[in-house]
Each structure stands twice: as C-alpha cells, then as structure tokens.
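What follows is a short report on a single structure.
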Amino acid sequence: MKIAPSILSADFANLGRDVQLLEQAGADYLHIDIMDGHFVPNLSFGLPIVKALRPITKLPFDCHLMVTDPAAYIQPLATAGATMIGFHAEATPHIFRIIQQIKQAGCRAEVVVNPGTSLSTIEEVLPLVDSILVMTVNPGFGGQKFLPLMLKKIQRLAELKQRHHYNFEIEVDGGINQATIKRCYRAGATIAVAGSFVFAAEPAKQVNLLREAAEAEQL
C-alpha cells in the first residue's frame with residue numbers, strides 16, 4: 001500500500017518544513033488538494049503553491065482537482081510540477097477528453113468519484129486511466145469520518161480491474177487511519193491518502209503506523 005499524505009492538514013505557516021518531513025518519513029506521494037470554492041465549498045491550494053513546493057522535494061505530486069473547470073488547470077499544473085492530476089467525474093461531461101489532455105501534458109491521469117457517484121459513469125475509461133480515486137468522505141474538508149459503504153465500491157472497482165486485466169491504481173481519500181486503511185487494503189485499494197491522521201502527531205511516526213497497518217494485512 002502506497003501512502004499519500006495530504007497537506008490539507010499540514011501547518012500552512014510551515015508548509016515547506018512539513019513537506020520535507022513527509023519525504024523523510026518515506027511517503028510515496030504528496031497529495032495536494034486544489035479547491036476553487038465552487039465545486040466544493042472551500043478554497044485551498046493554487047498553482048503558486050505547487051510551483052513553490054516542487055524545488056524542495058522529490059516526492060511525486062498527486063494533484064487532486066476539486067474544481068468546476070478541470071481543463072483550465074491541466075497544463076499550468078503540469079508546468080508547475082504535477083506528477084498525477086486527478087479530476088472529478090462529476091465536474092465535466094468530457095471525461096475522455098480530460099484524460100487525453102492530462103496525458104498529453106505529460107502527467108498521469110486519475111479520475112475521482114464522489115461517494116454518491118456510480119462506477120458505471122466511468123467504466124468506459126478504465127482502460128485509459130492510471131488511477132481511480134474513490135472518495136471515502138464527502139469532498140472539500142479534512143477531518144471527516146470514513147464512510148463504510150464505500151468499501152463495496154472499492155471492491156467492485158478491484159473486481160473490474162482484475163477481470164479485465166486493467167493496470168490502474170485504486171486510491172482512497174477520506175477518514176484514513178490505522179483501522180480504515182486495513183479495510184481499504186482488504187477491499188483492493190493500493191494508495192491511501194491521509195491528512196488529519198498524519199498530522200495529528202509526528203508525521204514520520206504516523207506514516208509508519210499507516211504503512212505497518214496495511215502491511216499487517218498482507219501477512
């Protein structure tokens with residue numbers, strides 16, 4: 001299981017320091033939530049933050065767009081240093097086109113689905129994506145409780161992946177801790193985003209606790 005700490009819960013006054021702590025802790029990705037205040041009722045990081053963080057860490061940037069116009073962000077994010085760009089299926093009627101644009105910009109493409117969105121809306125693009133992000137809380141705010149109903153969605157996605165020999169990651173985001181990461185791993189998730197849990201104490205310790213919890217399920 002790969003660990004992708006979310007800097008939404010970091011100390012904004014010491015963001016560079018916290019990012020470097022996460023790299024030292026052995027995180028696999030840096031999860032960056034980009035919100036526009038329209039698609040979700042919150043504002044977070046913009047392109048200048050992504051650009052400013054890129055020189056201080058070698059971590060891959062997993063940029064999660066919670067915006068109403070994802071196409072407008074793709075090339076600027078790629079230029080700023082994004083590794084993977086995720087966009088919500090609910091934000092555009094042109095899912096196929098957005099995936100193409102992300103890949104043409106040189107980034108990995110991820111489609112995100114909200115808790116109430118059926119996987120049937122994205123089945124046609126599963127052969128094309130590098131990752132599917134299943135929201136395990138309602139998007140927009142950190143610190144929410146994990147929604148257990150999403151485990152069935154993760155399982156369904158893992159079944160489709162295995163049946164058709166697809167090669168995408170299955171990422172989960174929301175309410176991830178030592179207990180829920182185990183449940184997500186058993187359901188088929190391969191990447192876990194965690195914010196509040198990671199920054200509740202010393203980040204290196206928390207990242208290790210998550211990794212150990214997931215690895216225990218592999219035994």
Side-chain angles (χ1 to χ4, degrees), residues 1-10 21-33 59-64 83-84 86 88-89 108-119 122-123 126-127 129-139 141-219:
M1 176 76 89
K2 298 171 186 174
I3 308 299
S6 169
I7 58 172
L8 190 63
S9 299
L21 286 174
L22 294 173
E23 183 171 6
Q24 293 166 11
D28 298 287
Y29 290 91
L30 190 70
H31 190 83
I32 305 174
D33 291 306
L59 284 174
F61 284 2
D62 174 17
C63 295
H64 176 188
T83 307
M84 180 157 65
H88 278 257
R108 302 179 71 202
E110 178 174 70
V111 175
V112 188
V113 287
N114 281 339
T117 299
S118 170
L119 292 177
I122 62 167
E123 281 193 49
L126 291 180
V129 296
D130 298 292
S131 182
I132 298 293
L133 172 53
V134 177
M135 292 301 302
T136 46
V137 298
N138 292 305
F141 297 93
Q144 299 180 62
K145 290 186 178 180
F146 182 84
L147 297 172
L149 282 175
M150 297 304 102
L151 291 168
K152 291 184 178 180
K153 183 181 288 187
I154 298 165
Q155 290 171 344
R156 168 67 175 154
L157 192 56
E159 290 166 3
L160 289 170
K161 177 181 176 179
Q162 182 177 28
R163 182 186 312 157
H164 299 288
H165 305 287
Y166 294 146
N167 197 35
F168 55 81
E169 301 271 15
I170 300 175
E171 188 168 352
V172 290
D173 183 359
I176 299 300
N177 55 37
Q178 285 175 279
T180 57
I181 197 172
K182 292 181 179 182
R183 300 176 73 183
C184 290
Y185 177 81
R186 288 196 297 266
T190 60
I191 302 176
V193 176
S196 299
F197 181 84
V198 167
F199 289 101
E202 201 278 313
K205 176 184 176 182
Q206 299 299 95
V207 168
N208 286 333
L209 287 174
L210 288 175
R211 196 181 303 281
E212 289 168 0
E215 288 176 351
E217 292 302 303
Q218 301 175 35
L219 301 177

Margin query: According to side-chain hydrogen bond (donor to acceptor under 3.5 Å, both in side chains), who are the partners of D130, at least two apart in sequence or on a separate chain?
Written below: none

Note to self: Nearest 0.5 Å, please: how far is CD in Q206 from OG in S196?
What the structure shows: 11.0 Å

Checklist line | Full working for side chain to side chain contact (heavy atoms under 4.5 Å, CB included) between L147 and K145 | finding: CA-CA 6 Å; L147 297 172; K145 290 186 178 180; over 6 Å; no

Item checked: Salt bridge flag under 4.0 Å for residues E159 and K152 -> no

Note to self: Nearest 0.5 Å, please: how far is CD in Q155 from CD1 in I170?
What the structure shows: 10.5 Å

Note to self: Can you give me the closest heavy-atom contact between I154 and A189, atom names plus distance?
What the structure shows: CG2-N, 3.8 Å

Margin query: If we ignore hydrogens and angles and just use 3.5 Å, is the side chain of K153 paired with the main-chain N or O of P115 as donor and acceptor?
Written below: yes

Item checked: Main-chain N/O of G195 paired to S6 side chain as donor or acceptor, under 3.5 Å -> no

Next item on the list: List for me each residue that meets side-chain contact (heavy atoms from CB on, under 4.5 Å) alongside V137, sequence neighbours excluded, and say none if there are none.
Entry: M135, Q144

Next item on the list: Report the distance from atom CG of L157 to atom CG of L133, rounding to the nearest 0.5 Å.
Entry: 10.5 Å

Check: What residue among L209, L22, V193 forms side-chain contact (heavy atoms from CB on, under 4.5 Å) with V198?
Finding: L22

Notebook entry, point to check: Do N138 and N114 come close enough that some side-chain heavy atom pair is under 4.5 Å?
Noted result: no

Notebook entry, point to check: Between T83 (side chain) and F61 (backbone), is there a donor-acceptor pair under 3.5 Å?
Noted result: yes

Notebook entry, point to check: What is the distance from atom NE2 of H31 to atom CD1 of I191, rounded to the nearest 0.5 Å?
Noted result: 10.0 Å

Next item on the list: Check whether the side chains of H64 and D62 place a donor and an acceptor atom closer than 3.5 Å, and report yes or no.
Entry: no

Notebook entry, point to check: Side-chain contact, heavy-atom cut-off 4.5 Å: P60 with L30?
Noted result: no

Return all side-chain donor-acceptor pairs below 3.5 angstrom for residues 174-182, not counting sequence neighbours, or 'none' if the list is empty.
from: N177; atom 1: OD1; to: A179; atom 2: N; distance (Å): 2.9
from: N177; atom 1: OD1; to: T180; atom 2: N; distance (Å): 2.9
from: N177; atom 1: OD1; to: T180; atom 2: OG1; distance (Å): 3.2
from: T180; atom 1: OG1; to: G175; atom 2: O; distance (Å): 2.9
from: T180; atom 1: OG1; to: N177; atom 2: N; distance (Å): 2.8

Check: Atom SG of C184 and atom CG of L151: how far apart are they, to the nearest 0.5 Å?
Finding: 5.5 Å

Check: Okay, side chain of K161, backbone of N167: is any donor-acceptor separation there less than 3.5 Å?
Finding: no

Note to self: Would C63 and M84 count as a side chain to side chain contact (heavy atoms under 4.5 Å, CB included) here? Give the steps.
What the structure shows: CA-CA 6 Å; C63 295; M84 180 157 65; over 6 Å; no

Notebook entry, point to check: How many angstroms lie between atom CD of E171 and atom CD of E110, to the nearest 0.5 angstrom?
Noted result: 4.5 Å

Note to self: Which residues pass the side-chain hydrogen bond (donor to acceptor under 3.5 Å, both in side chains) test with R108, not counting sequence neighbours?
What the structure shows: Y29

Note to self: Can you list everything that forms a salt bridge (Lys or Arg N to Asp or Glu O under 4.0 Å) with K2? Sequence neighbours excluded, please.
What the structure shows: E169

Note to self: Tell me every residue that passes salt bridge (Lys or Arg N to Asp or Glu O under 4.0 Å) with R183, counting only those two or more places apart in sequence or in another chain.
What the structure shows: none

